[in-house]
Structure formats: structure tokens, C-alpha cells
S.K.: 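If you scroll down you'll find the structure; I have some questions about it.
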Amino acid sequence: MKDIGEYNHKKVEIKHSKEWVEKGLYSIEKVKRENKFSVVIPPPNVTGSLHMGHALNVTLQDIVCRWQRMMGKDVVWVPGFDHAGIATQYVVDRQLQNMGKSRLELGREEFLKKVWEWVPVSRSSIKEQLEKIGVSVDWKRERFTLDEGFSRAVRYAFRKLYEDGLIYRGEYIVNWCPYDLTALSDLEVEHEEEEGKLYYIKYPFEDGSGYITVATTRPETMLGDTAVAVNPKDERYKGLLSKRLILPLVNWGRKTLKGQYVGNIIPLIADESVLSEFGTGAVKVTPAHDPNDFEMGKRHNLPFVEVMDEFARMNENAGPYSGLSRYEARKSIVENLEKLGLLEKVEGYRHAVGKCYRCKTVIEPRVSTQWFAKVSDERIKGEAIRVVSEGKVRFIPEGWKKVYLQWMENLKDWCISRQIWWGHRIPVWYCKDCGNENVFTDDDFERPYDKLIFNLIADGRIGYEFLPEELEKVLKEPSFVHPELSVLDLYKKFAFDKYHSMQVDANSLRLFFAQDMNPMAIITEKKNIYRYNRESKSYKFVLRCKKCGSENLQQEKDVLDTWFSSSLWPFAVFGWPERTKSLESLYPTDILITGFDIIFFWVARMVMMGTYFMKDIPFGDVYVHALVRDEKGQKMSKTKGNVIDPLDIIEKYGADALRFTLSILTQQGRDIKLSEKRFEGYKHFANKLWNAGRFILLNLDGDLLQSLPYGAPPKTEDLWILTKLNKTVYRVKEALSNYEFSDACRAIYEFVWSEFCDWYLEMSKLRLYAKPREEGEETRIKQERITAQATLLSVFDRILKLLHPFMPYITEELWKTLPTSYTESISIQEYPKHNPQEVYPEHEEKVERLKGIISAIRSLRSDLRIEPSKRIKLYYRADESEKLVEEFRDHILSLSRLEELTRVEERQASAISGYFRDFEFFIPLEEGIKVDELLTSYRKRYEEVLRSLENIDKKLSNENFLKRAPEEEVEKAKAIKEELTHERDKTAMLIKSLESVKTSAVNS
RNA sequence: GGGCGAUUAGCUCAGAGGAAGAGCGCCAUCCUCACACGAUGGAGGUCGGAGGUUCAAGUCCUCCAUCGCCCACCA
């Protein structure tokens, strides 16, 4: 007997989200491999806060994790964040610009400090959001793609790939963003259709014998042309191939990338790649500013002339155009060509323009020296294709498998270097003396101190020259991801996976350095690593070229593509490259849940790196969910102003409503269109559940558990609800096993609302509120009440558990109020299992029939406009339902609000009748009843029945149907026919009686 | 240029061979002792179009239309 009051989602949710984290409920140290269920979160970027897509993503993961946990698995869900190279740099750069500063004037080191100031801001805001959503991650295992251990893992990965010949450096044409000033991978370029122009330009022959017209969308690149190409089979140009052309406008010397000068006389060459059908069949060749032309330039050994700088401004090779932007230059060049009569024509032309995915600046293809991962190599690509095509890695929905495989088959090498500052600096040190590329990792050093110091230097935490005090300070600082640990502790825990009894105070460091510099050490072959500077009293960490021993080394300035580190995520979070216990017991992970937008960026690369480094898949299942759109189906974006912020929704409707809405809307392979209305709807569901709980608790006897043995045997409706419950449990299990989140939600929703609340709770009131009518009934009533309460409690307990993965907060809160709760959280209770012993088909059928009868009575009442509160007299006739009506007389009386229920032999003259199957009932006619509407509706129904009958007759008179359809189908059709015939007669009779009522009403 | 997905009630979507479903919205009656974030009842669909397979087609096949997405170096 307790009242939990009204549902207040804020009160409920604040209470538990902190509590779950503090109790460390979702933290498991030691995991049994055979019972593990591991998941790594797609780490959110530290660029701001979470949007609805993240909310969907983590909700689905949390549902799976909570479910598996309740199914008894040792669930480890690793959270973390992505440093998100360009994206984060871009965000911080923007902030600086708003303050009137630029990153270029700030310089690398100062800029990085600013980024490090920003990162924790974003991280803690995201972390708070995740906690509010209720994710059951293990925060003790949190990682950051740029934390100390991760950086070390990245260097290991780089080195291994480099030494295996799978990473190389070379001069190629790459996608260059003139705003972010970096190279981009092909994936980071977005192609957008644009209305452009196609310019036809005349290139005169050197000998004055006319000209060739070329077509181009980018006239400004002509300044870098070093040939014109045609298809060798093109008849139009066959005789001209020995001729040379004058490059218009250019009357200055141009310097090639190799430093030679070229003039304005260019050859006409033949190349297979030229399409005769396009334009004039002749194409200008600009090897330094077009990927096709680059290849052609290589094939024909053409000079490479660069005419733009890193900002996409025309450079000194552009003569008088130098200093102009590409678009200014285009305009000016077109004007000048026109003046010279060399512009033949200009056509409108729709074509795709490549843009930077981050800042939307038009990409400029540019020749530069970059690092590439040779992912096209069979050793990487082959395995990554195999594991997916063989089904070891399974995509859900399946359609993505094809998308993945197609992309993989056409894989080109991956440009992994970025000319930005924020990220993992490429661990290569160039020898200025012999030119060797030295890749260092801490493997190159033996003693723990050396390894530690090398890593700190490589990460830019300290300089090559440092004071011991400085070192001590850095090591004692709280680490970024785990402020409860010092940097040194973090290394011990997440990087080295061993406990080193290292002292970190300045004095013991000095002692160590002194040992290193011991004269005895100098005598030996080995050169010492540290060098003392008397003046500054600092120590220098000396790196030497592995080939020539020179100390004249310089580290690569470029950083790695952010996806390079993300691709290591599924094993690096567990401590790779060390063979940690976590790695052994938790890799491969069981499922990856992510959006389809990063299948290539991330999923594919994790498969490549996972299979390469771990010799095993990174995850078994990949569940690919849709993207969240606004109600019109448009992408949510800040500029459009159509963003629905998860935090606002949590505030207004609660995290439970947010989660339930997102998961019920998650259909495989479909975008999710969201409007705020949806959240409101499922908030109502939470409210309904709450009130059901409130009702049950209000009616529970305090000593219920003790009096259970004295309960009466269960009634039909008890067995019915148990049957329905078990069917629901089964449906949910099936749905979740197949990642059908929507089905699972709907099954629970329907059961809770339409069966449990609408019918069972109402029926239970008969026993709960029963008053003795005659003497000696008290005991029976008490016993029956116990059974009703026990059933309510037992079913509700299971409802809460069933629903917990979807709505963790409200279920936790309600469950704790139940007398049956005994552990600290519902989330570590066992998930309800389907129990075939609790399925009673005959009782189910009985109650379903009862529901039909009650609904039919209610329907007629409503049609007759009888007020809901009015109790009426009802007469009935029944055949097979007779016994049922007797058994449930009280239910019918109460649920259809009757005063009397009387059995009669004959239908009554002045009464309106209704029926449900064989159950026919009569409501005595009263004055003021409008029969017209009723008549219309019955007549309509009659027509419908006739039509259906016609169809079924046609079916049954079809010989082929009788011959070929399965027997049960024929039987079913016959049964339907019988029922329809019955209904036709009943309806006809009703109409007749209504008509007579109408005339008699008119007569009177 | 390839590929994928969508098209079912006013809106958002289930249904994947055997009598067209849900939620929201709408209409009517009710503030009935868990819940008006509610109860009860009701209206509303030739399942984008055209062919075909089948005894039987929202459901399988072919073509078409419209919308959306992804991939692709045609200047």
C-alpha cells in the first residue's frame, strides 16, 4: 500500500544516471572469454556536443549491451573519444578567428595548446550527455585516440606497416584543400553537381597552319598546360600529331617542378584515355593540376608546371596573373582570350565539383610529397575482402555487404599524411646527412625510462632537451582521459601494461642519467642516449640515424589522417600492441553499431587493420543504422535550424522517451524522420507505465509475500495474461536477436498498453475491490485478492525487466518499489525467458472471446449514444458462448457497465440488438435514440459482408483453388464463408429490426 | 555513367504469398475511485503505374514513373 505519486521524469532520471556510474555497475575487471560480450563505442569527435544521430547510435548500443548483460553475459562496453584531426582543428581555428586571431600567426605549439584547452570542454560536455542518455559503458576503460597509450600504438602500427612495405612516401597529385592547407584522402572529398561552363579555347599551331580547339571547365589551369592530347584513333587529328602548338597568353618562362624552364610551345600528343566524343576530342593537359593529366604527364614524360600556391592563388608561373585567386584568374584569362579571338564559344555545363568535406572549399588537385598506406596490397585488401565475403564479418542489413565489397574491390592507396597540426605526428625522422627515413618507436630503446621519455618527446609533451624537474612535472600531471591517474600511471596501465617501480622525482632521474653517461658506458659499443648541458643543466635525448649514426635528424612535420588512429580502435583500446589480458579476452568485439556514413572511412579500415595486426576480425556483426533526419526528411544542420537537440528532448520528455522513440523508429535501412511530436507520444507511454505501477502498488497488501501460499488458484484471465506475456517475451527475444529494435518496442508497447493495462488491470479490479455479498465469503475474497495481486506483481516485474534495456530509468525506479526487488539494480537482473509452461491456448481463446463480447456491447452502446457512465439492462442469447458468459458474468457487467445481464429465449421486439459470433444481445429501446446513423452504419457493413461473401464464394467455386491450395487454406476459406453468412443474416435482421423501430418511433 | 533504397489511411511507418495494420491526427461521448500524458467507440486505403508468374500478389519477376542516397578522373 504505497502511493508513488505522479510521474516526474526529471526526478527519476537524475537519481539513477549518477548512481549507475558511481556504483560502477557496468565495470568488469576480469572477464571470462567464453562468456564475454564486448563492444567499442564509435568514439564521438571532440568537436562540440552530441546530436540526435549520436543519441540514436548510443541508444541502440545500450539496448544491446543492457540486454546481453541481463542475459548473463560479461558485458564490456568501451567508451571514448576521437581527436578528429581536421574537424577539431577547424573548430578551434574558427574560435580563434572569432577572436580576431589566426592559427598561422599563433604557430604550431601555441595553437596546439589552444586545442588542448578546448578538448576537455567538448569531452566533458559529451560525457555528461552520454550519462544523461543512460549509457551503460565502463568509464574505467575510457580512451582517447590521442592519449598516451594510443599515440604509442599508432607509432607501432605505422612502423610495422612501413617495415612491411605497406606505407610509402612519394610525390603524387592529391586533393588539396586551400583553406585547411592540407592534403585530403579521396573519401574526404565530396562531389557536388554544379552549374558550370565549358570554355572552348583555340590553341594555334606553331607553323601558323590553323589551330586546335580544346574544351575545359577550368581555363585558369591553361597556364600550366604542357601538351594537348587527342585519342590516337581519332581520324580528325591523325595527320597533325607531329605538329606543335602555341599555348596562348603565355609569353613568359615557366619553371617546372624539377626546376627547369619551359616555354609556350607544347606538343600535340596521342593518349588512349582521351575520349573523342567529348568536346572537340582534344584536351589540354595540365599535369600539375589535374589527376588525369598527372597520369598522362607521367606516361608521356611531360613537364609539370605548377601555377598555383597552397592557397590556390596563382603563383609566379602565372606571369601577370600571379597573385590572383583561381577565380579572378579565370575571369581575366577568359576576357583576354576573347580579346585575342581565341575563345571559340562558352557553353553551360553541369558537372561535379570536388569540395572539402569539412569546410566545403573547392578542392585543388596539387602535386606534393605525401605518405600513403598501400591498402591496395593483397595482404591488406585481400583479407579484408575475404572476411566479409565469407561472412565472418556480417553486415546488418545485408545490403551493406555489397556496398562494402564493391568499394573494397576498387580500393586505391590511402593518402595518410595531413599538413595540419592537430593529430598524431608521423613517427619518421629524416636524416639530413644520408637522407634515411628513420621510423622510431620505443622498441628502439631498452630501458623503461628511455621508452617513457621517447614517448613523451614523440608526443610533444617535452622537448628533446629538458630539465629533470620538467620531466617529473609532466609525469605527475593528471592524465587527460583519466585525471584520477597521473601521466605515469596512465602509461603503466594503458601503454606498458606492466608495473614498473619507476621513481619519477627529479633526483632519481638525475641518477639514471648519470648512469647512462657513465664513462664505462662510453667505452662500450653502445652510445649513450642522454647528453648533459652544463650551462642550462638540462639533459638532451639524443636520436641517431639508424643508417649513418648522424644526430642531424628532423622529424616529419605532417600528422596522420585521423582515421588512421581510429582504424586501430577495436584493439588499441584494449592495450595493443601489448598482449594484455583485456586484449586476449575481449578481442574480437561482438558487434559494431554505426551509421552508414562512415562505412568506408572507418568500418572498412578497422577490418583492414584488425585483420592485419590482430590476424582476426575486429567484430563479428556490424549493425548499420539509418541517419536521423528532420520531419521533412532533410538532414539536420545548424545552418538550416532544424536540429532537434537530444538534451532538449531529455529535458522536456525524458531520456526514456528519447530512447524509446529512437528505437521504435529504427527500421532497418531507412532514414528516421523525427518530429518532436514523436517524443511526446512515447512520453505518454512512460506515463502509462508509471500509472500502472502506481495502481499496482496502491493495491498491494503489505504482507503479500507472506500470504502467497494462501492464494486461490489462478483464474482464466491470470492464465491469459501469462500466455500473452510469454508470447511477448518470445517476440522480444526474436526481435532483439535480429536487431529488430522497432519490433521489440512495438511488442512491449502493445502488450503493456493494449493487453495489460486495457484489459488485465481492469479485470483485476473485480477481485481487488470485491466486497463480500453474503456471509462466509471473506476468506474466498481474500484468497482471490492474493492471487490477483500476485499475478499483477509477477507480470509487472517481468514487464519492467523486459523494458529495461529500452527505458532504463523508469524501469529501475519502479522496480525498486516492488516488494520483489532485492538487488541494487534491475539492470543486473535476469532478463525474462520464454516459459512454455505458462502458455495456455484454451484460456487465451476464452478471454479473447470475452473481449469480443464486451467490445460489441460497448460499440452498440456508443452507437446508441448511451453515456459511458450509464448502467443499462442487457438481454442476451447464446449457444457455445453460454458457459463463458456465466463464468465472466461479473466481468461483462462491470466492463460494459451493465446493471443487469439476463438470458432470454426470444429476441425482443422493441430492442436494438448486436452480436459477437453466437452471442446476441438486446438493449431495450428508449426514447430519443437516433437510429438513422446506426442504420447507415449497419447497411454499410451489410454491403461489405456481401462483397466479401462474393469473393469467398468465387474462391471456393474455383476448382483450381480446391485442387491446388493447401487443405488448411480451403478449410479456412470455408470457415470464413460460414462466419460471413452468419454475419450477413444477423446484419440483415438487425437492419430489419431497426427499420421497424424507426417506423414505430415515427408512428408514435 | 554505375549501384542502392523508397513509393501502403491526412502524417510517420509496420506488413514480404492466403479475409488490408499501428501510432499520431481527425470525429463522437465521457474529468468512471492508476493515468485527460486518460477511457470508450468511430470515420478514413482500388497498397506509385503497366505487364507477367501463381489456384491466390502490398507481398515474387520485368519494365516505367517520381523522390532520396552512395560511388565514379570524362576535360
Side-chain angles (χ1 to χ4, degrees), chain A residues 3-4 6-7 173 186 191 198 214-218 221 229 273-275 277-280 282-286 290-295 349 351-352 354 365 397 399-400 402-403 406-407 410 596-597 599-600 626-627 629 631 633 653 664-665 667 669-675 677-678 680-699 742-743 746 749-750 754 757-758 761-762 765 769 855 858-863 865-870 895-897 933 937 948 951-952 955 958-966 968-970 972-973 976-977 979-980:
Chain A
D3 188 358
I4 52 174
E6 286 177 2
Y7 175 49
I173 193 153
D186 295 339
H191 295 276
L198 194 57
V214 298
T216 179
T217 51
R218 305 199 52 205
T221 60
S273 72
V274 181
L275 299 174
E277 312 83 63
F278 189 89
T280 59
V283 59
K284 60 193 264 324
V285 184
T286 324
D290 182 280
N292 286 318
D293 297 1
F294 178 83
E295 294 300 327
Y349 185 59
H351 65 130
W400 296 109
K402 195 177 160 189
V403 175
Q406 263 173 10
W407 186 77
N410 299 312
F596 61 74
D597 49 337
I599 289 183
F600 303 142
L627 260 35
R629 298 277 149 101
E631 52 197 314
Y653 309 105
I664 204 167
L665 292 181
Q667 245 98 48
R670 218 189 228 273
D671 285 346
I672 297 178
K673 289 186 199 166
L674 264 190
S675 76
K677 236 20 215 154
R678 311 306 296 259
E680 197 187 335
Y682 295 110
K683 158 84 192 296
H684 294 172
F685 177 57
N687 187 61
K688 186 77 180 175
L689 183 77
W690 181 271
N691 281 297
R694 186 182 181 192
F695 168 80
I696 292 166
L697 289 163
L698 278 172
N699 289 291
S742 186
D743 281 2
R746 271 201 300 270
Y749 184 97
E750 270 168 35
S754 311
C757 290
D758 285 353
L761 284 193
E762 294 307 324
K765 287 176 183 172
Y769 297 158
S855 291
R858 285 168 169 175
S859 179
L860 188 62
R861 280 182 61 126
S862 174
D863 287 344
R865 305 284 180 268
I866 298 170
E867 285 178 17
S869 57
K870 188 168 178 189
L895 295 177
S896 7
R897 303 206 63 80
E933 275 176 58
S937 110
S948 307
N951 286 337
I952 206 93
K955 199 172 188 178
N958 182 339
E959 267 180 53
N960 278 325
F961 173 71
L962 298 174
K963 229 173 0 189
R964 302 198 190 178
E968 68 248 39
E969 273 312 314
V970 179
K972 201 169 152 191
I976 290 167
K977 183 183 171 172
E979 217 177 294
L980 284 172

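Proteins get letters first, then strands, A, B, ... in listed order; numbering begins at 1 in each. Computed from a predicted model, the values in this text were never measured in an experiment.
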S.K.: Determine the contact category for L198(A): base if any of its heavy atoms lies under 4.0 Å from a base atom, sugar-phosphate if only primed atoms, P, OP1 or OP2 are that close, otherwise nothing.
M.R.: nothing

S.K.: Using atom P of each nucleotide, how far apart are G17(B) and C61(B) to the nearest Å?
M.R.: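 G17(B) and C61(B) have their P atoms separated by 11 Å.
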
S.K.: Considering only side-chain heavy atoms of Y769(A), which listed nucleotide, U40(B), C70(B), A34(B), is closest?
M.R.: A34(B)

S.K.: Enumerate all atom pairs, one protein N or O and one N or O from nucleotides 65-69 of chain B, separated by less than 3.5 Å.
M.R.:
none

S.K.: Which part of the nucleic acid, if any, lies within reach of E979(A) when heavy atoms closer than 4.0 Å are counted: base, sugar-phosphate only, or nothing?
M.R.: base

S.K.: When you check the phosphate oxygens OP1 and OP2 of A19(B), does a side-chain N or O of K977(A) lie under 4.0 Å from one of them?
M.R.: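 K977(A) to A19(B) OP1/OP2: no side-chain N or O under 4.0 Å.
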
S.K.: Using a heavy-atom cut-off of 4.0 Å across all strands, would you classify S869(A) as base, sugar-phosphate, or nothing?
M.R.: nothing

S.K.: Checking contacts here: which listed nucleotide (A34(B), G41(B), G18(B)) is nearest the side-chain heavy atoms of E969(A)?
M.R.: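 Minimum distance to the E969(A) side chain belongs to G18(B).
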
S.K.: What nucleic acid atoms does S859(A) come within less than 4.0 Å of, heavy atoms only: base, sugar-phosphate, or nothing?
M.R.: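 Sugar-phosphate, no base atom in range.
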
S.K.: Please tell me if Y349(A) has a side-chain N or O lying less than 4.0 Å from either OP1 or OP2 of A75(B).
M.R.: yes

S.K.: Within the structure shown, what part of the strands sits under 4.0 Å from R746(A) by heavy-atom distance: base, sugar-phosphate, or nothing?
M.R.: sugar-phosphate

S.K.: Of all the choices, A19(B), G23(B), A75(B), which nucleotide is nearest to the side chain of K972(A) once you look at every atom?
M.R.: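 Output: A19(B).
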
S.K.: Kindly give the heavy-atom pair with the smallest separation between G279(A) and A215(A), and that separation in Å.
M.R.: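 Shortest heavy-atom contact: CA-CB, 4.3 Å.
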
S.K.: What nucleotide, of A75(B), A39(B), C24(B), holds the atom closest to the side chain of D758(A)?
M.R.: A39(B)

S.K.: Could you check which of G18(B), A14(B), A34(B) has an atom nearest any side-chain atom of F961(A)?
M.R.: G18(B)

S.K.: Who is the Watson-Crick or G-U wobble partner of G44(B), with both distances under 3.5 Å?
M.R.: none

S.K.: Within the 4.0 Å heavy-atom criterion, would you say V274(A) contacts the bases, only the backbone, or no part of the nucleic acid?
M.R.: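 Touches a base.
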
S.K.: Considering only A34(B), G3(B), A75(B), which nucleotide approaches the side chain of A692(A) most closely?
M.R.: A34(B)

S.K.: Any base atoms under 4.0 Å from S855(A), or only sugar-phosphate, or nothing? Heavy atoms, all strands.
M.R.: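 The residue S855(A) makes sugar-phosphate contact but no base contact.
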
S.K.: Which of the following nucleotides, C4(B), A19(B), G41(B), is nearest to the side chain of I976(A)?
M.R.: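 Nucleotide nearest to I976(A)'s side chain: A19(B).
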
S.K.: Base, sugar-phosphate, or nothing for P966(A), non-hydrogen atoms under 4.0 angstrom?
M.R.: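 The residue P966(A) makes base contact.
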
S.K.: Quick one: look up who A6(B) pairs with, Watson-Crick or G-U, both distances under 3.5 Å, and put none if it's unpaired.
M.R.: U66(B)

S.K.: Classify the nucleic acid contact of L980(A) as base, sugar-phosphate or nothing, counting any heavy atom under 4.0 Å across all strands shown.
M.R.: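 If one applies the 4.0 Å heavy-atom cut-off, L980(A) turns out to touch a base.
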
S.K.: Select base, sugar-phosphate, or nothing to describe what K673(A) touches, counting heavy atoms under 4.0 Å on all strands.
M.R.: sugar-phosphate

S.K.: Would you say K765(A) places a side-chain N or O within less than 4.0 Å of OP1 or OP2 belonging to A34(B)?
M.R.: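 Yes, because at least one side-chain N or O of K765(A) sits under 4.0 Å from OP1 or OP2 of A34(B).
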
S.K.: If you compare every side-chain N and O of K955(A) against the phosphate oxygens of A56(B) (OP1, OP2), does one of them come in below 4.0 Å?
M.R.: no

S.K.: Among the candidates A34(B), G3(B), C71(B), find the nucleotide nearest to the side-chain atoms of Q406(A).
M.R.: G3(B)

S.K.: Considering only atom P, compute the distance from U40(B) to U32(B) and round it to an integer number of Å.
M.R.: 14 Å

S.K.: Please determine whether a side-chain nitrogen or oxygen atom of H684(A) lies at a distance below 4.0 Å from atom OP1 or OP2 of C35(B).
M.R.: no

S.K.: Picking from C35(B), U32(B), A14(B), which would you name as closest to the side chain of P868(A)?
M.R.: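 Selected nucleotide (nearest to the side chain): U32(B).
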
S.K.: Is it true that K683(A) and E680(A) have a side-chain N and a carboxylate O under 4.0 angstrom from each other?
M.R.: no

S.K.: Would you indicate, yes or no, if A14(B) has its OP1 or OP2 atom less than 4.0 angstrom from a side-chain nitrogen or oxygen of Q667(A)?
M.R.: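 So the side chain of Q667(A) is within the cut-off, an N or O lying under 4.0 Å from OP1 or OP2 of A14(B).
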
S.K.: Of the non-hydrogen atoms in S869(A) and R861(A), which two are nearest, and what is the gap between them?
M.R.: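 S869(A) and R861(A) have their closest heavy atoms at N-NH2, 4.5 Å.
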
